[in-house]
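Report on the following structure.
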Amino acid sequence: MPEGPSLILFTEDLQRFAGQKILEVSGNSKIDQQRLVGKKIKEIKTWGKHMLWRFDDFTVKIHFLMFGTYYINSSKDAKPRLYLRFQKDELNLYSTAIKILEEPLDEIYDWTADVLNPSWDAKAARKKLKAIPDAMVTDALLNQEIFSGVGNIIKNEILFRIKVHPESLVGALPPRKLTEMIKQASVYSYEFLAWKREYVLKKNWQVHTKKTCPRDGAKICKAHLGKTDRRTFWCEACQVKYE
DNA sequence: ATCATTGTTATAGC
DNA sequence: CGCTATAACAATGA
């Protein structure tokens with residue numbers, strides 16, 4: 001399920017629909033469904049956890065939330081949020097948040113924030129972090145304006161990798177640690193993607209859902225931390241708290 | 001069987 | 001008005 005890397009894989013899988021004309025639409029999504037009928041999807045791309053279907057003069061944004069899924073040429077025992085019939089194939093989307101965007105994408109999306117986009121810019125991220133020195137790193141990493149595509153698992157793994165305690169304050173991180181955190185936000189996300197592609201993601205987790213630290217055998221702590229109040233796993237012995 | 005969760009958004013509330 | 005807390009949504013496996 002979907003953090004940024006999963007969205008990349010979903011999007012690769014759905015590329016067959018790029019260039020295809022939509023013949024029929026239904027489902028319980030509240031968007032103006034008729035607007036899609038007879039239109040061609042020009043391009044399918046992502047921004048972090050958003051999947052974007054670009055049409056001539058609007059874009060359909062699909063967010064998979066926690067449990068979003070899709071079925072191609074099949075369905076499951078539930079009413080789809082959106083059903084699309086193309087010339088050849090059918091697509092069912094479930095448990096997703098769907099919205100129509102009117103603005104040109106370059107106006108509303110900061111591509112430099114997307115850790116899995118070629119436009120990802122570490123310097124831009126650093127500048128944004130400078131503006132929130134009092135934030136905890138556990139929250140900062142989940143901030144989609146800064147690290148678009150980073151989710152809770154990636155957050156936990158990055159902090160373990162760079163040996164930083166999740167409750168550390170952004171402004172208290174030594175410059176080198178800050179650099180490392182920013183760098184790993186992208187680097188780790190690409191590794192996550194590669195592991196996910198090979199179906200070996202879980203066995204590469206070091207700290208997320210783990211009981212003991214692979215470095216020193218210490219007990220892994222688990223709590224809901226930060227303003228985001230998300231499940232956090234860390235090793236009190238090897239992750240330093242900067243505050 | 002119940003609970004927790006890879007996430008976000010709308011609304012309520014202060 | 002602006003920030004924050006809460007609810008809502010949803011599927012699946014432990």
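Letters A, B, ... are given to chains in the order of the sequence lines, protein chains preceding strands, and every chain is numbered from 1.
- Nucleic acid contact for Lys99(A): none, since no nucleic acid atom lies under 4.0 Å from a heavy atom of the residue.
- Taking atom CG of residue Asn28(A) and atom C1' of nucleotide dA8(C), one finds them 15 Å apart after rounding to whole Å.
- Put simply, CD on Glu145(A) is 14 Å from C1' on dT9(B), counting in whole angstrom units.
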Verdict with supporting geometry, Glu180(A) and Lys177(A), salt bridge (charged side-chain N to carboxylate O under 4.0 Å, His left out): CA-CA 5 Å; Glu180(A) 249 187 289; Lys177(A) 278 293 170 197; 3.2 Å; yes
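- Atom P of nucleotide dA14(C) and atom NZ of Lys211(A) are separated by 13 Å, given to the nearest angstrom.
- Within the 3.5 Å criterion, the main-chain N or O of Glu90(A) finds a donor-acceptor partner in the side chain of Asn73(A).
- Taking 4.0 Å as the cut-off between side-chain N and carboxylate O, Lys39(A) and Asp57(A) do not count as a salt-bridged pair.
- Using N1 to N3 plus N6-O4 or O6-N4 for Watson-Crick, or N1-O2 and O6-N3 for G-U wobble, each under 3.5 Å, dT6(B) pairs with nothing.
- The Glu3(A) side chain lies nearest to dT6(B) when the options are dT9(B), dT8(B), dT6(B).
- A ring-centre distance under 6.0 Å is found for Tyr109(A) and His50(A).
- Among the protein residues, Lys76(A) comes within range of the sugar-phosphate backbone only, with heavy atoms under 4.0 Å from sugar or phosphate atoms but none that close to a base.
- Here the two rings, on Tyr94(A) and Phe67(A), have centers that are 6.0 Å apart or farther.
- Separating the CD1 atom of Ile62(A) from the P atom of dG7(B) is a distance of 18 Å, rounded to the nearest angstrom.
- Remark: the separation of the P atoms in dA4(B) and dA7(C) is 15 Å, to the nearest Å.
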Can you check nucleotides 2-5 of chain B for protein contacts, nitrogen or oxygen pairs under 3.5 Å, and list what you find?
from	atom 1	to	atom 2	distance (Å)
dT5(B)	OP2	His224(A)	NE2	3.2

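- The number of heavy atoms from other shown groups lying within 6.0 Å of NZ (Lys241(A)) is above 12.
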